[in-house]
Amino acid sequence: MNTPPHIEPGTATDTPGPDEPLDLVGIGIGPFNLSLAALAHPLTELRTAFYDQHPAFHWHPGLLIDGATLQVPFLADLVTLADPASPWTFLNYLKTRERLFPFYFAERFHIHRAEYDAYCRWVSENLPSLHFGHQIDAVRWNHERSLFEVDFTQLDADGEAEALGRTYARNLVLGIGTAPHIPVPLRPLAEAPTVPVIHAADYLDHRDRLLAADHLTVIGAGQSGAEIFLDQLRARPAGRENLHWLARTPAFAPMEYSKLGLEHFTPDYTRYFHALPERVRDELLPAQWQLYKGIDHDTLAALHDELYRRTLDGGWPNAVLTPGVQVRTAGRVGTTKVELHLEHAQQGSRSRLTTDAVVLATGYRERRLDTLLAALDPYLRRDASERPRIDEHHRLVLDPAITGSLYVQNAERHTHGVGTPDLGLAAWRSATILNSLTGTPTYSLPTRTSFTTFGLSHPPTRRTGTVPRQGSTLVPRH
């Protein structure tokens with residue numbers, strides 16, 4: 001049986017006017033706002049709507065490499081760590097697919113990425129508050145009505161404009177995600193169609209073309225770089241691999257995955273990090289790169305096993321793995337090759353590498369909020385580096401003239417630390433936002449989540465998770 005959870009009415013599916021505004025509008029439908037929508041679904045006192053310009057939910061489709069798994073356990077689904085009894089858990093998804101027993105016998109704690117994508121898509125297809133094919137054009141604050149105005153364009157199946165609309169809300173949450181980062185020296189090449197210089201986010205779309213390239217260079221030492229290098233290595237004949245793997249980091253290092261190390265991804269550490277001075281936070285983040293930019297131990301082991309297997313006949317694989325290297329400049333050689341100008345940080349030496357294709361596993365950057373929030377810019381409070389200030393409840397700090405709350409998801413690493421993009425904190429953050437929004441302990445959150453006590457002083461935490469409200473944001477509905 002593939003019956004989804006029973007859906008009760010209570011979320012708005014039409015476009016409300018100013019006389020009956022929504023309590024919360026979400027912009028963007030990635031895993032984090034999908035988590036928020038799932039946890040908000042049973043709260044019938046809330047009227048919510050979430051918008052995304054894409055026609056349907058997809059999670060990093062270019063990186064759903066066969067066999068690739070999540071780096072977090074399946075309990076880091078959209079809801080479990082806030083509400084394990086929710087109908088939107090991963091286990092309930094398996095139940096609706098009659099796959100609980102196979103999963104039980106598989107003894108799999110880390111599920112395949114493709115399976116996580118399918119699970120999220122199942123949730124997205126059954127929540128009535130989600131509106132795909134809606135591009136958000138502008139956000140304003142209406143002082144007369146004390147409401148946010150959200151202008152959108154409804155798109156047809158081909159992504160063309162079909163209709164214009166406007167919705168009103170007391171509160172907003174931005175979950176517009178991150179964008180692929182392409183280093184400045186390689187941007188002109190990435191925009192040219194003749195030689196494949198693609199970001200890892202688009203890897204599967206170009207995989208066959210990359211396999212056909214005589215020589216391939218992968219740049220970036222994170223998990224996606226390792227997975228792409230391994231995928232290409234496995235598919236190329238022994239002795240004729242013709243692969244280079246370059247990274248700026250001083251080593252192809254494993255992810256910090258010790259039990260106590262993982263406590264940096266707890267609410268306890270998030271609260272500790274948020275309370276640190278801005279200068280200290282800025283110094284701390286780069287030093288923590290191995291917490292979130294390292295490579296899974298199993299992936300590193302599989303890479304070494306594959307390389308070792310290719311030495312059994314007495315030769316060495318034609319694969320070069322070099323950390324500590326930066327691409328200074330790059331250019332085309334003719335119409336079919338790329339020349340990379342390299343510099344080794346520790347040696348101080350320079351070299352050139354000619355290659356037929358490049359995959360940029362260079363990560364993602366938070367999308368800038370400036371364009372979308374242009375009309376609200378005068379009301380945003382900023383830190384010394386001109387970044388938005390964000391309070392402990394994931395709200396942008398705004399001028400008191402704006403009485404509604406504007407929450408952000410995965411845009412607050414500078415204020416909330418390395419756990420910001422981690423799926424394991426999705427449900428907790430969503431519950432925190434909902435508790436803030438309602439002003440009640442809608443979701444009971446734990447007072448303590450780590451054995452480590454971060455800092456010498458340990459401020460008391462509220463067991464209920466109740467948080468102060470920012471202005472008068474909700475009104476009772478009768």
Side-chain angles (χ1 to χ4, degrees), residues 8 10-12 16 20-51 78-79 81-83 86 88 127-131 139 141-142 145-150 167-176 267 270-271 274 373 376 379 388-398 400 402-412 415-416 420 425-445 461-478:
E8 296 289 346
T11 48
E20 194 177 3
L22 293 165
D23 295 310
L24 179 67
V25 160
I27 300 175
I29 307 175
F32 296 132
N33 263 357
L34 186 59
S35 165
L36 185 62
L39 288 172
H41 175 252
L43 309 183
T44 55
E45 72 275 15
L46 289 182
R47 300 180 71 247
T48 66
F50 294 79
Y51 299 95
L78 300 173
V79 294
L81 291 176
D83 182 11
S86 167
W88 306 111
L127 284 177
S129 61
L130 307 186
H131 304 276
V139 174
W141 177 253
N142 187 313
R145 296 190 171 109
S146 295
L147 295 171
F148 289 105
E149 294 179 345
V150 181
T167 190
Y168 295 85
R170 297 185 178 93
N171 307 280
L172 299 179
V173 56
L174 302 183
I176 58 177
T270 301
R271 286 188 287 262
H274 186 272
L373 300 182
L376 297 176
Y379 306 99
R389 289 172 53 199
I390 302 168
D391 73 13
E392 63 176 314
H393 310 302
H394 308 277
R395 294 178 298 204
L396 291 176
V397 178
L398 305 172
I402 296 182
T403 56
S405 292
L406 179 50
Y407 299 91
V408 292
Q409 301 226 59
N410 198 13
E412 69 274 30
T415 57
H416 287 69
T420 296
L425 284 173
W428 171 79
R429 179 169 53 198
S430 295
T432 298
I433 290 173
L434 289 171
N435 286 354
S436 169
L437 187 69
T438 62
T440 61
T442 301
Y443 286 100
S444 179
L445 299 178
T461 55
R462 291 174 293 273
R463 186 170 190 81
T464 61
T466 305
V467 296
R469 292 164 59 186
Q470 185 178 32
S472 179
T473 59
L474 292 178
V475 296
R477 297 178 65 229
H478 302 286

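- At a threshold of 4.5 Å between non-hydrogen side-chain atoms, the residues F50 and L34 do not count as touching.
- Closest non-hydrogen pair, A427 versus A82, comes out as O-CB, 3.6 Å.
- With a 4.5 Å cut-off on side-chain heavy atoms, H274 and I390 do not count as touching.
- Rounded to the nearest 0.5 angstrom, L373 CG and L172 CG are separated by 8.5 Å.
- Proximity of a side-chain donor or acceptor of H416 to a complementary backbone N or O of D391 within less than 3.5 Å is detected.
- Closest approach of Y51 and L22 over heavy atoms only: OH-CD1, 4.5 Å.
- Between the side chain of R429 and the backbone N or O of T420 there is at least one donor-acceptor pair closer than 3.5 Å.
- Atom CG of residue L43 and atom CG of residue L24 lie 10.5 Å apart, to the nearest 0.5 angstrom.
- Between P388 and V397, the closest side-chain pair of non-hydrogen atoms is not below 4.5 Å.
- Two residues are said to be in side-chain contact when any heavy atoms from C-beta on lie closer than 4.5 Å; L46 and L434 meet this criterion.
- At least one side-chain heavy atom of L39 sits less than 4.5 Å from a side-chain heavy atom of Y443.
- Of the possible polar contacts, one joining the N435 side chain to the T442 backbone as a donor-acceptor pair under 3.5 Å is found.
- Taking the side chain as every heavy atom from C-beta outward, W88 and L78 never approach each other to under 4.5 Å.
- In terms of heavy-atom proximity, G404 sits nearest to L398 at O-CD1, 4.0 Å.
- T403 and S146 get closest at one heavy-atom pair: OG1-CB, 4.1 Å.
- No donor-acceptor distance shorter than 3.5 angstrom exists from the side chain of S35 to the backbone of P31, with no hydrogens or angles considered.
- With rounding to the nearest 0.5 Å, the separation of OH in Y407 from CD1 in I433 is 7.0 Å.
- The pair D23-R47 does not meet the salt-bridge criterion, since no charged nitrogen lies less than 4.0 angstrom from a carboxylate oxygen.
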Derivation of the side chain to side chain contact (heavy atoms under 4.5 Å, CB included) call for V139 and V25: CA-CA 11 Å; V139 174; V25 160; over 6 Å; no

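- Classified by interplanar angle (parallel below 30°, tilted 30° to 60°, perpendicular above 60°), the ring pair W428/H394 is perpendicular.
- Nearest heavy atoms, Q409 versus F32: NE2-O, 3.1 Å.
- With a 4.5 Å cut-off on side-chain heavy atoms, T48 and L36 do not count as touching.
- The shortest non-hydrogen separation linking E149 to N142 is OE2-ND2, 2.7 Å.
- Annotation: side chain of L396 is not in contact with side chain of L376 (no heavy-atom distance under 4.5 Å).
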